[in-house]
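We use all heavy atoms of the structure for the numbers below, so side chains are in, but hydrogens, waters and symmetry mates are not.
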Amino acid sequence: MAEAAAESAGVESAHYRVTGTLPERGRVEADAFMKTDPPALSMEMGRLPVRFVDEVMYVSKAVKGKGKGWFRAEPAVWGGLTVDNNSYGVLPRTLESSPVVQSTLLTGSKDVRLVGTETVDGARTTHYRGTVTLDGLRAARDEAPDAATRERRIEGLDQLMGLGVSDTLTMDLWVDGDDRAKQFRWKAGTGGEALDLTVTFLDVDGPVTVEAPPAEDTADVMDVGQEGLLG
């Protein structure tokens with residue numbers, strides 16, 4: 001498991017699938033591509049394409065009265081690394097965050113156990129399960145062996161706080177034969193609402209290109225307004 005977390009540090013791109021339920025959102029399904037240098041994300045959540053390029057969020061949607069195919073939102077509009085950010089009501093913070101970082105959270109658990117071996121998306125994997133607490137993640141953050149690991153653990157802690165997880169999270173992790181995370185699952189109660197999210201890595205370090213939509217085909221979200229954004 002520690003080796004899987006170490007391997008994640010070198011991941012430069014990934015294609016992954018997200019399924020499950022989120023508090024206040026219900027059922028979610030998404031297919032995404034991400035890269036780390038420079039950071040970028042392309043995701044389809046249902047029939048809604050979303051991109052993050054140069055820290056700007058783009059959502060493909062017919063913008064009322066504008067005749068544009070996309071709207072854009074600068075970071076100052078949709079929020080940064082804050083616990084209450086939800087991407088201007090479009091993309092849950094959980095889905096906009098790096099799944100590579102999320103997959104390392106089990107290193108903050110004190111009760112990890114081996115479940116067995118299973119096949120996930122055609123790959124033979126070793127399945128681990130444990131519980132993660134905010135206090136445990138804070139301790140793991142403070143015990144990080146280097147600055148890069150500490151930064152990833154800070155980001156992971158911030159992501160859990162963004163989900164509203166106040167106490168204990170159950171996490172399953174499936175590690176493949178290359179000592180990389182193949183799949184992970186989070187389960188927790190968050191103020192009475194269920195979190196049950198599974199992320200499956202379909203490809204790692206394959207070619208990924210994420211580009212901003214043409215400027216002439218975008219409208220600024222501040223000009224569109226909330227009604228045009230979600231209507």
Side-chain angles (χ1 to χ4, degrees), residues 1-11 14-32 34 43 45 92-141 143-144 149 152-205:
M1 195 176 59
E3 292 175 355
E7 284 288 335
S8 73
V11 170
H15 175 204
Y16 58 96
R17 179 178 60 234
V18 184
T19 59
T21 57
L22 285 174
E24 299 181 2
R25 288 290 183 137
R27 181 71 182 175
V28 295
E29 294 184 8
D31 186 80
M34 56 81 69
M43 174 177 288
M45 190 171 58
R93 172 98 191 280
T94 315
L95 302 189
E96 111 190 15
S97 304
S98 169
V100 176
V101 173
Q102 295 168 347
S103 71
T104 68
L105 290 182
L106 198 54
T107 57
S109 174
K110 301 297 183 183
D111 62 355
V112 178
R113 63 186 183 278
L114 175 65
V115 177
T117 57
E118 299 172 17
T119 299
V120 176
D121 191 43
R124 191 69 170 170
T125 67
T126 303
H127 181 184
Y128 301 93
R129 178 177 296 154
T131 56
V132 179
T133 65
L134 296 182
D135 286 343
L137 288 178
R138 291 187 184 101
R141 171 200 62 192
E143 297 167 0
T149 301
R152 290 196 301 275
R153 291 178 180 177
I154 289 174
E155 185 177 347
L157 177 61
D158 186 61
Q159 290 172 11
L160 277 192
M161 293 175 65
L163 283 170
V165 175
S166 59
D167 187 17
T168 302
L169 174 84
T170 299
M171 183 171 179
D172 289 80
L173 177 66
W174 289 261
V175 179
D176 67 17
D178 294 324
D179 290 328
R180 281 183 165 171
K182 178 63 179 176
Q183 181 172 273
F184 64 89
R185 182 182 185 184
W186 289 352
K187 294 180 69 176
T190 57
E193 295 186 272
L195 164 70
D196 188 347
L197 202 67
T198 298
V199 175
T200 305
F201 292 96
L202 306 176
D203 187 30
V204 174
D205 285 339

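The stretch residues 110-121 participates, sequence neighbours left out, in these salt bridge (Lys or Arg N to Asp or Glu O under 4.0 Å) pairs: Asp121-Lys182. A ring-ring contact (aromatic ring centres under 6.0 Å, His included) check over residues 108-132, counting only residues at least two apart or in different chains, returns the pairs His127-Trp174.
Residues passing the ring-ring contact (aromatic ring centres under 6.0 Å, His included) test with Phe201: none are found, sequence neighbours excluded. Partners of Asp178 under the side chain to side chain donor-acceptor pair (under 3.5 Å) rule, at least two apart in sequence or in another chain, do not exist in this structure. Every side chain to side chain donor-acceptor pair (under 3.5 Å) that Thr117 has, sequence neighbours left out, goes to Arg124. Applying the side chain to side chain donor-acceptor pair (under 3.5 Å) criterion to Asp179, with sequence neighbours excluded, gives no partner residue. The side-chain contact (heavy atoms from CB on, under 4.5 Å) test applied to Thr21 returns Asp196, not counting sequence neighbours. Under the side-chain contact (heavy atoms from CB on, under 4.5 Å) criterion, Asp203 pairs with His15, sequence neighbours left out. For Arg17, there are no side chain to side chain donor-acceptor pair (under 3.5 Å) partners two or more places apart in sequence or in a different chain.
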Item to complete: Go through the steps for Leu195 and Leu169 under the test side chain to side chain contact (heavy atoms under 4.5 Å, CB included), then give the verdict.
Response: CA-CA 9 Å; Leu195 164 70; Leu169 174 84; 4.0 Å; yes

Practice prompt. For the pair Gln183 and Thr125, evaluate side chain to side chain contact (heavy atoms under 4.5 Å, CB included) and give the outcome as yes or no after the intermediate values.
Written response: CA-CA 9 Å; Gln183 181 172 273; Thr125 67; over 6 Å; no

Worksheet item: Going through the checks in order, is the side chain to side chain contact (heavy atoms under 4.5 Å, CB included) test met by Thr170 and Thr131?
Response: CA-CA 4 Å; Thr170 299; Thr131 56; 4.1 Å; yes

Practice prompt. Test side chain to side chain contact (heavy atoms under 4.5 Å, CB included) on Val28 and Leu197 and set out the steps.
Written response: CA-CA 9 Å; Val28 295; Leu197 202 67; 3.8 Å; yes

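Residue Leu173 holds its CG atom at 12.5 Å from CD of Gln102, rounded to the nearest 0.5 Å. To the nearest 0.5 Å, the span separating CG on Leu22 from CZ on Arg27 amounts to 10.0 Å. The structure places CE of Met171 at 8.5 Å from OG1 of Thr107, a figure rounded to the nearest 0.5 Å. Rounding to the nearest 0.5 Å gives a distance of 13.0 Å between CE of Met45 and CG of Asp31. For the atom pair Thr200 OG1 and Phe184 CZ, the distance stands at 9.0 Å (nearest 0.5 Å).
For the residue pair Glu29/Thr19, the side-chain donor-acceptor check at 3.5 Å is not satisfied.
The nearest pair of heavy atoms linking Gly10 to Asp205 is O-OD2, 4.2 Å.
With hydrogens and angles ignored, the 3.5 Å screen pairs no side-chain donor or acceptor of Ser109 with any backbone N or O of Leu106.
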